[in-house]
Amino acid sequence: MPVRALSQDELKKQAAWKAVEYVKSGMRLGLGTGSTAAFAVERIGSLLKDGTLKDLVAVPTSIRTYEQAKSLGIPLATLAEQPELDLAIDGADEVDPMLNVVKGRGGALLREKMVELASDKFVCIVDDTKLVEGIGGSKDAMPIEVTQFGWDYNLKRLQNLPELEGSTAKLRRDKNGEPYVTDNSNYIIDCYFENSFIKDAQKAADVLSQMVGVVEHGLFLNMVNVVIIAGSNGVEVKEKQDLLSQQGMGQA
């Protein structure tokens, strides 16, 4: 009998369940946003319900995740109440060979980055379609959250930014054709690298962080500790520290 190929959702679920193995009773968690992270939230809720996990408290990264976690009985808090987290679990839109990632196609990049920077460990869960040779390699959106005021001004600036050379910048719109509005009441400008990678992702991140009117960007660089990748050959775990050691770079 031929072996049935797993669907993308099944691969995402495999990666998510593997990530939840890092969760221990008593932890303070960051809960990510998106289709892959939703499988992890669902699993955590199930393990709390059957008593396998106890005494957890979680900070959600979006209204969507808040509503899902609340419906599953996961105790929730804000970053003000839990400013130091043990572990964050979230998906990614791209993962490069050094575990730098692009996030934000689900629109939650600002809250995700705040929560994940507050966490001692960030475990990222993806299926193997998210792997790229370089940031921008998927040719899909690299999101940038901007204020509503002056968004068109910043769109032009981003389109002409040398650090984003080769990209096309577009305002994200919802299914009705209206500007997409984030949970923080901002807009998102998506940059698409059709023919190349970002030449220097760190330089681009630095420049974007200094631009007035840019609230946050989807470049999550040197933030991920572990990437769990589900593919046709099973689940693979990549540790950032192992990659650095292989390159003789020592501590991250």
Side-chain angles (χ1 to χ4, degrees), residues 30 32-35 37 59-66 78-80 88 90-96 100-118 122 124 130 132-224:
T33 296
S35 58
V59 177
T61 55
S62 65
I63 294 172
R64 190 185 341 159
T65 300
Y66 169 86
T78 65
L79 265 184
D90 204 354
D93 301 309
E94 292 185 4
V95 181
D96 80 2
N100 296 307
V101 306
V102 169
K103 291 180 52 54
R105 290 176 194 163
L109 60 157
L110 173 58
R111 297 190 189 190
E112 287 172 337
K113 189 171 284 189
M114 291 177 71
V115 168
E116 284 143 22
L117 283 172
F122 176 14
C124 190
K130 303 300 191 296
V132 294
E133 294 180 16
I135 295 297
S138 71
K139 303 186 186 304
D140 208 333
M142 194 284 281
I144 301 168
E145 188 164 344
V146 300
T147 57
Q148 291 195 32
F149 175 80
W151 71 265
D152 44 356
Y153 163 73
N154 274 322
L155 177 70
K156 293 177 182 177
R157 295 174 72 202
L158 292 168
Q159 184 63 70
N160 296 314
L161 199 67
E163 288 78 12
L164 298 180
E165 181 183 356
S167 71
T168 301
K170 299 179 181 179
L171 180 70
R172 183 179 299 186
R173 295 186 181 275
D174 62 22
K175 61 183 179 181
N176 298 317
E178 297 299 319
Y180 175 90
V181 179
T182 70
D183 287 348
N184 317 298
S185 300
N186 296 313
Y187 288 169
I188 289 180
I189 293 173
D190 290 317
C191 292
Y192 298 86
F193 292 81
E194 295 292 341
N195 301 311
S196 64
F197 307 138
I198 296 181
K199 293 182 174 60
D200 187 333
Q202 187 60 63
K203 186 174 182 181
D206 292 342
V207 170
L208 290 170
S209 295
Q210 295 171 13
M211 285 182 65
V212 176
V214 168
V215 180
E216 193 48 80
H217 55 78
L219 297 169
F220 286 51
L221 309 180
N222 300 309
M223 287 180 57
V224 175

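Every heavy atom of this structure was used, including side-chain atoms; hydrogens, water molecules and symmetry mates were not.
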Name all residues meeting the side-chain contact (heavy atoms from CB on, under 4.5 Å) criterion together with [X]; count only those two or more places apart in sequence or in a different chain, and write none if there are none.
X    : result
T168 : Q159, K170
N100 : D96, M98, I135, L221, N222, K240
M114 : L79, L110
A88  : E116, S119, F122

Over all heavy atoms of both residues, which pair between [X] and [Y] is shortest? Give the atoms and the distance, please.
X    : Y    : result
I144 : L208 : CD1-CD2, 3.9 Å
A92  : V101 : CB-CB, 3.9 Å
A204 : L219 : CB-CD1, 4.2 Å
G30  : V115 : CA-CG1, 3.5 Å
V214 : N154 : N-ND2, 4.4 Å
V102 : A141 : CG1-O, 4.0 Å

Atom [atom1] of [X] and atom [atom2] of [Y]: how far apart are they, to the nearest 0.5 Å?
X    : Y    : atom1 : atom2 : value
F197 : S138 : CZ    : OG    : 10.0 Å
D90  : R111 : CG    : CZ    : 13.5 Å
S196 : K139 : OG    : NZ    : 7.5 Å
L109 : S62  : CG    : OG    : 11.5 Å

Using the side chain to side chain donor-acceptor pair (under 3.5 Å) criterion, which residues pair with [X]? Sequence neighbours excluded.
X    : answer
T61  : T33
E165 : none
T78  : E81

Legend entry - Pairs flagged by side chain to side chain donor-acceptor pair (under 3.5 Å) wherever residues 173-183 is involved - sequence neighbours left out: E145-T182

Legend entry - Pairs meeting criterion side chain to side chain donor-acceptor pair (under 3.5 Å) with involvement of residues 197-215, two or more places apart: Q202-D206, S209-H217

Legend entry - Contacts of E216 that satisfy salt bridge (charged side-chain N to carboxylate O under 4.0 Å, His left out) - sequence neighbours left out: K113

Inset, instruction - Return the set of residues passing salt bridge (charged side-chain N to carboxylate O under 4.0 Å, His left out) with E94 (not counting sequence neighbours), or none when no residue passes. - result: R105

Considering only distance and modelled atom types, tabulate donor-acceptor pairs under 3.5 Å from the side chains of residues 188-195, sequence neighbours left out.
from : atom 1 : to   : atom 2 : distance (Å)
D190 : OD1    : R172 : NH2    : 2.9
D190 : OD2    : R172 : NE     : 2.9

Inset, instruction - Walk me through it: do D140 and D93 pass the test side chain to side chain contact (heavy atoms under 4.5 Å, CB included)? - result: CA-CA 9 Å; D140 208 333; D93 301 309; over 6 Å; no

Inset, instruction - Evaluate side chain to side chain contact (heavy atoms under 4.5 Å, CB included) for Y187 paired with V181, printing each intermediate quantity in order. - result: CA-CA 5 Å; Y187 288 169; V181 179; 3.9 Å; yes

Inset, instruction - Assess whether side chain to side chain contact (heavy atoms under 4.5 Å, CB included) is satisfied between L161 and V207, documenting all intermediate values. - result: CA-CA 9 Å; L161 199 67; V207 170; 3.9 Å; yes

